[in-house]
Number of protein chains: 2
Amino acid sequence: MLGELRRAITTGRLRPGAPIRQDALAEELQVSRVPLREALKTLEGEGLVTYQAHKGYCVAVLSLDDLREVYRIRQLLEEEAVRAAVARLTDADLARIEAAQHDVEHAAAAGDVLAMATANRTFHMTLFDCAAMPRLARLIRTLWDTTDAYRSMYYGAAGNRERVVEEHRATLDALRRRAADEAVRTLDVHREHAVTELEPLLDA
Amino acid sequence: MLGELRRAITTGRLRPGAPIRQDALAEELQVSRVPLREALKTLEGEGLVTYQAHKGYCVAVLSLDDLREVYRIRQLLEEEAVRAAVARLTDADLARIEAAQHDVEHAAAAGDVLAMATANRTFHMTLFDCAAMPRLARLIRTLWDTTDAYRSMYYGAAGNRERVVEEHRATLDALRRRAADEAVRTLDVHREHAVTELEPLLDA
DNA sequence: GCTCCGTATTTTGGATCCAATATTGAAAAT
DNA sequence: ATTTTCAATATTGGATCCAAAATACGGAGC
């Protein structure tokens, strides 16, 4: 249920800024308002919705400043995660990341935006999870969630999909050689491209 | 109500690892279980309590690995916050930080552990808030919360209180000269001392 | 005496109901 | 015509109640 609600927000079905009518949403999700309110509280903690006492919840809107701040924090945390991950990366780990990349390329070729978003996420999170720093991974995940509503727009453009594929290949190459600095650098440009593409989309 | 519950955990009145009986706690807090459950959901998001479906909530316990991970992440995020804060630090900001330090010294001399903890927190958070990165400040705050249950033990020792005062003075000196690198360094040692003192306390 | 199983009790999860607050709309006054 | 006020409505916040799951307890079997 929580997952379903989170997806409704991160896929953009519930538009940023839209007020959340508990009664209607509860009926739509086939639950009562109590569990819905609990779910909204966790989403509030993740920054996906905002809350005002006696006024209710709204789908969070991301300002340009928010976007830049989120990506800056991601840069800091992901660098740490990548370095820790590279230090303990096994061949089996690498194989799982490569499998995710396979899915990314498949989705990119097919132009499947949704599959692209999930495969991309798997690619990165699989790497981050190798750091064996669960709290760090969790923080990164919630930061990703806050921009997920806009990510699908990003993959709408075929050019972006192609570039993502290329950038992942560069990261994978660095990972295979256990070149931490280079992996960090490739991910930095990867992220930088995303933020520059996302910025214009945020004004609307 | 949420704040009251959070304090009960961060001050250690609800011991780490203890299961949370909703009925009893609701009565103690003079509310019904519904708002309590919402509060627990937000605390779960902050990492103060853990949750298992159909088994309920427990006050989170911090392993040694958790402690080190939290402090490592804090180091990363706080460095960013300090650098951003120093870049835009006004004299009025500095005065507010100095006022907090005054409270810290007063509490340290009086041996008031609780006042020490809150004044110390104000000292640091006032600085971090100057970074004008609200999400970053919020993340740092929740990281602090996860170790607050143990912080009061830390201030129990007079030696630790004295050292904290000295370390804050070093930081303040760096801030007055807008010396970002030095401020970061002094806070790093400050944090490192805390973690080495905290580690032994965690085994119990 | 110990283990295993089934029932009783406790505890959590969810639904409904009522109270409190906010929002909307209409009527009245300027 | 515009603004203000007050009532009607909608929406949230919280309490109570019922169902489902887990735990605790006790008895039967070995």
Side-chain angles (χ1 to χ4, degrees), chain A residues 1-63 134 138 141-142 145-146 149, chain B residues 1-63 134 138 141-142 145-146 149:
Chain A
M1 200 274 289
L2 203 174
E4 196 175 347
L5 178 54
R6 191 186 279 112
R7 267 194 78 249
I9 294 176
T10 56
T11 62
R13 224 199 61 226
L14 267 58
R15 302 286 178 75
I20 290 177
R21 284 294 105 85
Q22 298 179 7
D23 239 325
L25 190 56
E27 187 170 16
E28 186 179 336
L29 294 176
Q30 304 274 19
V31 292
S32 118
R33 276 179 54 215
V34 172
L36 173 62
R37 274 158 61 180
E38 287 183 327
L40 287 168
K41 269 284 178 291
T42 81
L43 293 183
E44 185 196 3
E46 296 174 7
L48 284 185
V49 302
T50 61
Y51 171 72
Q52 277 187 295
H54 297 286
K55 293 184 74 178
Y57 295 88
C58 289
V59 181
V61 291
L62 222 60
S63 70
R138 186 155 175 267
R141 248 176 263 268
T142 68
D145 280 339
T146 60
Chain B
M1 201 273 289
L2 203 175
E4 197 174 346
L5 178 53
R6 190 187 279 112
R7 266 194 79 250
I9 295 176
T10 56
T11 62
R13 224 198 62 226
L14 268 60
R15 303 287 178 75
I20 292 178
R21 285 294 105 84
Q22 297 180 6
D23 239 326
L25 189 57
E27 186 170 17
E28 186 180 335
L29 295 176
Q30 304 273 20
V31 292
S32 119
R33 276 180 54 216
V34 172
L36 173 62
R37 274 158 61 181
E38 287 183 327
L40 287 168
K41 269 285 178 290
T42 82
L43 293 182
E44 185 197 3
E46 296 174 7
L48 284 185
V49 302
T50 61
Y51 171 73
Q52 277 186 295
H54 298 285
K55 293 185 72 177
Y57 296 88
C58 289
V59 182
V61 291
L62 223 60
S63 70
R138 186 154 175 268
R141 247 176 263 268
T142 69
D145 280 338
T146 62

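Treat the numbers as computed from the prediction; the structure is a model and nothing was measured. Order of the sequence lines fixes the chain letters, A, B, ..., with proteins taken first and strands second; residue numbering starts at 1 for each chain.
For the pair A/Glu27 CD and C/dT16 C1', the interatomic distance rounds to 14 Å; values are reported in whole Å. Rounded to a whole Å, the CG atom of B/Leu29 is 15 Å from the C1' atom of D/dA15. In this structure, A/His54 places its NE2 atom 17 Å from P of C/dT24, rounding to the nearest Å. For the pair B/Leu40 CG and C/dT11 C1', the computed distance is 14 Å after rounding to whole Å. Across the protein-nucleic acid pair, A/Glu38 atom CD and D/dT12 atom C1' stand 16 Å apart, rounded to whole Å. D/dG13 atom C1' lies 7 Å from atom OH of A/Tyr51, rounded to whole Å. Put simply, CG on B/Asp23 is 12 Å from C1' on D/dT16, counting in whole angstrom units.
Residues A/Leu2 and A/Leu43 are in side-chain contact: their nearest non-hydrogen atoms beyond the backbone lie under 4.5 Å apart.
Side-chain nitrogen and oxygen atoms of B/Ser32 include none within less than 4.0 Å of the OP1 or OP2 phosphate oxygen of D/dG14. For A/Lys55, a side-chain nitrogen or oxygen approaches OP1 or OP2 of C/dT23 to under 4.0 Å. Under 4.0 angstrom from either OP1 or OP2 of C/dT12 there lies no side-chain N or O belonging to B/Gln52. Within the structure, every side-chain polar atom (N or O) of B/Gln22 is placed at least 4.0 Å from both OP1 and OP2 of C/dT10.
Remark on DNA chain D: of its neighbouring residues A/Gly56 and A/Val34, the 5'-side contact belongs to A/Gly56, judged by nearest-heavy-atom nucleotide.
Between B/Ala39 and B/Met1 the shortest heavy-atom distance is CB-CE, 4.1 Å.
Among the atoms of the strands shown, only primed sugar atoms or phosphate atoms (P, OP1, OP2) are found under 4.0 Å from some heavy atom of B/Arg21. Nucleic acid contact class of B/Ile20 (heavy atoms, under 4.0 Å, all strands): sugar-phosphate only.
Distance check: A/Leu25 CG to A/Arg21 CZ gives 11.0 Å after rounding to the nearest 0.5 Å. Taking CZ from B/Arg15 and SG from B/Cys58, the interatomic distance works out to 15.0 Å, rounded to the nearest 0.5 Å. Annotation: the span from A/Arg37 atom CZ to A/Tyr57 atom OH amounts to 7.5 Å, rounded to 0.5 Å.
Interface remark: the A/Arg37 side chain does not form any donor-acceptor pair with the C/dG14 base, using a distance-only criterion of under 3.5 Å.
Distances were taken from every side-chain heavy atom of A/Pro35 (C-beta onward) to each of C/dA15, C/dT12, C/dA22; the shortest belongs to C/dA15. Of all nucleotides listed (C/dT12, C/dA15, D/dG13), D/dG13 comes nearest to the side chain of A/Arg33.
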